[in-house]
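Written below as structure tokens is the structure these notes are about.
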Amino acid sequence: MNVLRHNLLRQAVRVSSPRIVTPVRTFSRTHIRHEAPSEPHFSEPKPIPESPSFYTTRAVYYDQLSQLEKTISSADYFLRKNHLLPLPDFARASLPELHPMWKDPSEMASEFKTKMTMTRYRRVTHCLNQINDFQRIAQVGGCPELAQKLQDILSMYESSKKEAYLNKGKRRIATLDEYGRSYTLGKRKTSSARVWMIPVKTTTTDPSPESLLGVEGKQRFPVTPSTILVNNLSLHEFFRFPQDREKITRPLKVAGVLGKYNVFAIVRGGGTTGQSGALAHGIAKGIVAHEPALETMFRRAKLTRRDPRMVERKKTGLAKARKRYTWVKR
Amino acid sequence: MSVLKPWLNVARCSSRMTVLTSGTQLRSQSTTTEHRLQTPEDWLAFRKEREERKGLMDLFGQYGSTTNAENTFRIRDGLGKPQAHATTSALLAAGAHFGHASTRMNPNFVPYAYGTRAGITIIDLDHSVPLLRRAANLTRAVARAGGIIVFIGTRPDLKPIVHKASERMGKQGYHVGDRWLPGTLSNRRNFFGAEVDNHRMIPDLVVFLNPVQNTIAINECAAEHVPTIGVIDSNVDPRLVMYPIPANDENTRTAELIAGVLSIAGREGVALRDQDLAAEARHRQKNDRIRKLSSKSESRN
């Protein structure tokens, strides 16, 4: 056993002095036998492992977990000292919603240098959720330094896909480009319409003869003529049927902006009904892009709704999607 | 929602009508009259009010009972501040003398058993205290010599105990709070790779707070000639570990007490080691000076 071995280094370099120095048994100076015995100088004492959880064979994981637990206890103490914990119900109800999104186990495996089983992952996320809760309380309750420190810790474990995940399902807001044009997409059945809308430039009109003479009659609102081009053809050329034209101009009429915008559209796919419906959809979205205040009204009027009705497939044993063959008694 | 339909707020007071529209979240409404905290000023006011209330309580607390948290009886925090010396009364208070069922008593444990009562073996603390002291002396000596000491306690309630014990010992203390992976010592090259050659990693002493659940670790220690200390209960053969401490292995307080005594002894050993190293360094410096002077005088001559 190591305990019984004397300190050979000390004996070798003992300097002549009257006082006898008792050799202190030190493990760190133990000479490793199988190394070159001819060497006059003994090898430097080998270092011991740094992490106290070395013998768990998952030092990084256990050390980080203990760090998180220490953070929780110190944050808890700090919040209690600042009269923010324990939080009564009404105060807790006033806190904003939490949307934590931690790294998934495969991402965390590289962080913790160990395979993240569900037990380990749950332990870590439990701690992180606790710290997240404290961070929210600290931020809202007026302890910005603690909130910042906790956020720094949490940011190490937050998923990079958080933004993408939170924005999933949210509608992309259409914006105007540098010329003030909106570009929107409308769809109906199998048709799609790409719609560009730009407000009509109102030039200063010449004073009318009535206003010059001073005999103005009824107040007239200046109506600017606007152009609607579909696949480089005018509206009445492309859509021969008045019903289609009605459908297309409906969003403009509802918003009251019939002559306000010039519309240029490219429609592809489907037939007349689909293309006119797609164009109407695109125009409605374009109007909302130019005038966001009308968004709720358009939603109520179901103008910005992409009509989900598509042609139903034909089924086996039936003549068409729903039509059955003539029933025969025998 | 309340912005668009303000009249709904009125209806919300009565629990009968709950309008669930898409986007609203059903939260249980508290019936207290305190309003919600919306602005940062609201939060500051909330904290200030609490602080004032606490100040008032503290002020008037002087005029009531004189018993306070400082002078009232408090149970000793065995985890944070354990006692340094093992005493029979402390072990008794911690319930260390309760063994397992007498039917399960290991025949090799008989020397450490006081007797039987209520179907369980009572452990003789007159044996436990000197053995615990012996283990503490051993820990101190190993720590003084610069040895690695590992505390193993693989139950959830033992985890913070071994953690704290290893912290007390500083660099020389290590802990295993969760499962000891078989092969940590016997298959160390697989687990640790190159570190095995570059570091000194065989422990010099291992302390088991629940040896029955860690027989694999005990086997590995025996194979590597590592001395072991263990808390031995009445159903266990004391020869399992090198330095048995007969006591209750299921009790958290007992584990806190024993781990505390051993880790404090270890801490003392570490401090003594620092002293020894400092004395050695001073001695070496003195010798170097003497040698330099003697070599100078030789060259002059």
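Numbered from 1 within each chain, the chains take letters A, B, ... in sequence-line order. These values consider heavy atoms only, across backbone and side chains, with no hydrogens, waters or symmetry-generated copies.
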Residues, nucleotides or ligands: over 12 heavy atoms within 6.0 Å of B:L272 CG: yes
Considering all heavy atoms, the nearest B:N198-A:P47 contact: O-CD, 3.3 Å
Residue part contacting chain A, namely of B:I149, when any heavy atom lies under 4.5 Å: neither
Approximate separation, where rounding is to 0.5 Å, of A:N82 CG and B:R50 CZ: 11.0 Å
Within 6.0 Å of NZ in A:K187, more than 12 heavy atoms from elsewhere: no
Approximate separation, where rounding is to 0.5 Å, of A:Q139 CD and B:W43 CH2: 11.5 Å
Parallel, tilted or perpendicular: rings of A:F90 and B:F46 (30°, 60°): perpendicular
Where A:P52 and B:G173 come nearest, the two heavy atoms and their spacing: CB-O, 3.9 Å
Nearest-0.5 Å distance, OH of residue A:Y62 to NE2 of residue B:H163: 12.0 Å
Residue part contacting chain A, namely of B:N190, when any heavy atom lies under 4.5 Å: neither
Side chains of B:H199 and A:K46 in contact at under 4.5 Å (non-hydrogen atoms): no
Check: B:R47 side chain, A:G141 main-chain N or O, donor-acceptor pair, under 3.5 Å: yes
Toward chain A, the part of B:V176 with a non-hydrogen atom under 4.5 Å: both
Interchain contact, B:L37 with chain A, by part (heavy-atom threshold 4.5 Å): both
Rounded distance [0.5 Å steps], OG in A:S53 versus NE2 in B:H175: 4.0 Å
A:M156 atom CE, over 12 foreign heavy atoms within 6.0 Å: yes
Intermediate values then yes/no, side chain to side chain contact (heavy atoms under 4.5 Å, CB included), A:F54 and B:V150: CA-CA 10 Å; A:F54 178 78; B:V150 185; over 6 Å; no
Distance, nearest 0.5 Å, that separates OH of A:Y55 from CG of B:L181: 14.5 Å
Chain A contact via B:K54 - side chain, backbone, both or neither, heavy atoms under 4.5 Å: side chain
Spatial distance of atom NE2 (A:H83) from atom NZ (B:K48) [nearest 0.5 Å]: 11.5 Å
Top contributor to chain A interface from B:W180, B:F191, B:F192 [non-hydrogen pairs under 4.5 Å]: B:F192
NZ/A:K70: more than 12 non-hydrogen atoms of other groups inside 6.0 Å: yes
Short N-O contact, B:D178 and A:R120, less than 4.0 angstrom: no
